[in-house]
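Report on the following structure.
Numbering of residues begins at 1 and proceeds along the displayed sequence. Note: hydrogens, waters and symmetry copies are ignored here, and every other heavy atom, side chains too, is used.
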Amino acid sequence: MPSDYVDNYRKVLERIAIACQKSGRRPDEITIIGVTKGHSTEVLSKARALGLTDLGENRVQEANNKYKLKNDFFADNPLRLHMIGHLQSNKVKQAVQLFDTIDSIDSIETARLVNSRSRELGKTIRCLIQVNTSGEVQKSGVSPESTVDFVGQLLGLENINFCGLMTIGRLDGTESHIRACFSRLRELSTEVSKQLKIQTFDVLSMGMSDDFDIAIEEGATEVRLGTAIWGPREQ
């Protein structure tokens with residue numbers, strides 16, 4: 001009998017395959033980000049057993065406690081660690097040191113701080129812009145209407161590689177509401193690339209455990225999965 005997380009992961013792969021078949025895509029176009037928020041460090045052994053190359057955390061302090069030895073632990077299978085939660089300005093210094101990609105840039109000030117800290121460390125960090133496509137007030141993210149202008153203001157930051165957009169589907173919406181959030185992000189990506197003449201702005205991080213099938217059908221290249229793989233959070 002397989003462990004629960006192994007069986008869960010098999011089911012995730014099956015759902016990805018079905019969503020790809022519906023939308024004429026290939027499963028290898030989709031990167032799974034295993035979200036470890038609320039789980040103990042034991043989840044890292046499970047991630048390594050599954051061969052996951054991308055993991056995500058919402059909070060800097062929790063990530064620092066969990067991943068401070070990540071380079072040694074994942075030495076034989078290099079890990080890309082994503083910051084997927086709202087990044088407070090007072091956490092930027094620590095975040096740039098720890099994370100390989102920050103997927104939740106939603107203010108000019110934060111982006112400039114990330115750029116400055118990256119320059120100090122002699123690195124160029126991958127970042128995504130978070131867009132609030134649902135309009136829900138409790139969510140972070142720039143508005144869809146301001147996204148092109150927002151990205152345009154950041155293009156001069158030399159130590160950040162902006163490569164796409166991130167969003168969260170409507171939390172209490174119907175399938176049509178959720179699908180509209182994801183299709184809007186895909187449209188915005190096209191608008192940014194066309195208006196700002198960016199050739200490599202094609203990452204779409206959208207879809208979580210309850211709605212990643214829809215997100216893939218709408219063009220997601222990265223899905224962020226916690227409960228679907230690990231089960232309910234431990235904390």
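- For the pair E62 and K37, the salt-bridge criterion is not met [side-chain N within less than 4.0 Å of a carboxylate O].
- Considering all non-hydrogen atoms of both residues, R184 and E191 come closest at NH1-OE2, 3.3 Å.
- A single hydrophobic cluster is seen to contain both I178 and I216, as judged by linkage of ILVMFWY side chains at heavy-atom distances under 4.5 Å, directly or through other members.
- Counting non-hydrogen atoms of neighbouring residues, nucleotides and ligands closer than 6.0 angstrom, the NZ atom of K93 reaches no more than 12 such neighbours.
- Cluster membership for M83 and L121, using ILVMFWY side-chain heavy atoms within less than 4.5 angstrom, is shared.
- Here the closest non-hydrogen pair linking N115 and N159 is OD1-N, 2.7 Å.
- Taking NZ of K68 as the reference point, atom OG1 of T41 lies at 9.5 Å (rounded to 0.5 Å).
- At a threshold of 4.5 Å between non-hydrogen side-chain atoms, the residues V131 and L185 count as touching.
- By the neighbour-count criterion of 12 heavy atoms within 6.0 Å, atom CZ of R59 is sparsely surrounded, having that number or fewer from other residues, nucleotides or ligands.
- Listed for the K66 side chain is a donor-acceptor partner under 3.5 Å among the backbone atoms of H39.
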Q.
Walk me through whether I33 and D103 qualify under side-chain contact (heavy atoms from CB on, under 4.5 Å).
A. CA-CA 11 Å; I33 301 171; D103 298 354; 4.3 Å; yes

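- For the residue pair R224 / S205, a side-chain donor-acceptor distance below 3.5 Å is found, with atom types taken as modelled.
- A side-chain N or O of Y67 and one of T36 form a donor-acceptor pair less than 3.5 Å apart.
- Side chains of I105 and L128 form no contact here, defined as non-hydrogen atoms less than 4.5 Å apart.
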- request: Evaluate the side-chain contact (heavy atoms from CB on, under 4.5 Å) criterion for residues V12 and F212: first the C-alpha distance (whole Å), next the side-chain angles of each, then the deciding distance (0.1 Å), finally the verdict.
  value: CA-CA 9 Å; V12 163; F212 69 89; 4.3 Å; yes

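- Side-chain N/O atoms of S143 and S146 include a donor and acceptor closer than 3.5 Å.
- The heavy-atom pair separating F99 from I125 by the smallest distance is O-CD1, 3.7 Å.
- To the nearest 0.5 Å, the span separating NE2 on H82 from CD on E222 amounts to 5.0 Å.
- Contact detail for A95 and V60: the closest heavy-atom pair is CB-CG2, 4.0 Å.
- W230 approaches L225 most closely through the heavy-atom pair NE1-O, 4.2 Å.
- Side chains of I30 and T221 form no contact here, defined as non-hydrogen atoms less than 4.5 Å apart.
- Atom CD1 of I16 is separated from atom CZ of R26 by 14.0 Å, given to the nearest 0.5 angstrom.
- Side-chain contact between V223 and M208: absent, with no pair of heavy atoms (C-beta onward) separated by less than 4.5 Å.
- Considering only heavy atoms from C-beta on, T124 stays 4.5 Å or farther from I160 through its side chain.
- Atom CG of residue D211 and atom CD of residue E217 lie 11.0 Å apart, to the nearest 0.5 angstrom.
- No more than 12 heavy-atom neighbours from other residues, nucleotides or ligands sit within 6.0 angstrom of CD on E158.
- Other residues, nucleotides and ligands contribute more than 12 heavy atoms inside 6.0 Å of the CZ atom of R186.
- In this structure, the side chains of I32 and D54 stay at 4.5 Å or more apart for every pair of heavy atoms.
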Report the C-alpha separation of V114 and I102 in whole Å, then their side-chain angles, then the decisive distance to 0.1 Å, and conclude whether the side-chain contact (heavy atoms from CB on, under 4.5 Å) test is met. CA-CA 9 Å; V114 169; I102 296 175; 4.1 Å; yes

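- Other residues, nucleotides and ligands contribute at most 12 non-hydrogen atoms within 6.0 Å of the CG atom of D210.
- Residues E218 and L204 fail the side-chain proximity criterion, which asks for heavy atoms closer than 4.5 Å.
- Distance alone, capped at 3.5 Å, places no donor-acceptor pair between the S89 side chain and the T110 backbone.
- More than 12 heavy atoms of other residues, nucleotides or ligands shown are found within 6.0 angstrom of NZ on K123.
- Within the 3.5 Å criterion, the main-chain N or O of D202 finds no donor-acceptor partner in the side chain of S189.
- Donor-acceptor pairing under 3.5 Å is lacking for the side chains of N132 and E136.
- Two residues are said to be in side-chain contact when any heavy atoms from C-beta on lie closer than 4.5 Å; F162 and I198 fail this criterion.
- At a cut-off of 3.5 Å, with distance as the only test, a side-chain donor of T133 or T167 sits close to an acceptor on the other residue.
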Practice item. Dump the intermediate steps for salt bridge (Lys or Arg N to Asp or Glu O under 4.0 Å) on D100 and R80, then the final yes or no. Key: CA-CA 6 Å; D100 302 295; R80 185 165 63 173; over 6 Å; no

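- In this model, no donor atom of one side chain and acceptor atom of the other lie less than 3.5 Å apart for S107 and E109.
- Checked for salt-bridge contact, E14 and K11 miss the test: no charged N lies under 4.0 Å from a carboxylate O.
- Under 4.0 Å is where a charged nitrogen must lie from a carboxylate oxygen, and between D213 and R15 at least one such pair does.
- The number of heavy atoms from other shown groups lying within 6.0 Å of CD (E42) does not exceed 12.
- By the criterion of side-chain heavy atoms lying less than 4.5 angstrom apart, applied directly or through intervening Ile, Leu, Val, Met, Phe, Trp or Tyr residues, V92 is grouped together with L81 in one hydrophobic cluster.
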inquiry  = Run L79 and T53 through side-chain contact (heavy atoms from CB on, under 4.5 Å) and show every step you take.
reply    = CA-CA 5 Å; L79 169 70; T53 58; 6.0 Å; no

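- The two residues S140 and H86 come nearest to each other via the heavy atoms OG-ND1, 3.5 Å.
- With hydrogens and angles disregarded, no donor-acceptor distance shorter than 3.5 Å links the side chain of S193 to the backbone of T190.
- Note: S118 OG to R126 CZ = 14.0 Å, rounded to the nearest 0.5 Å.
- One finds the CD atom of E57 at 9.5 Å from the CG atom of N65 (value rounded to the nearest 0.5 Å).
- Dense packing is recorded around CD of E29, with more than 12 heavy atoms of other residues, nucleotides or ligands lying under 6.0 Å away.
- L154 is connected to L188 through a chain of hydrophobic side-chain contacts under 4.5 Å among Ile, Leu, Val, Met, Phe, Trp and Tyr, so both are in one cluster.
- Follow the hydrophobic side-chain contacts under 4.5 Å out from I129 and you never reach V203; the two are in separate clusters.
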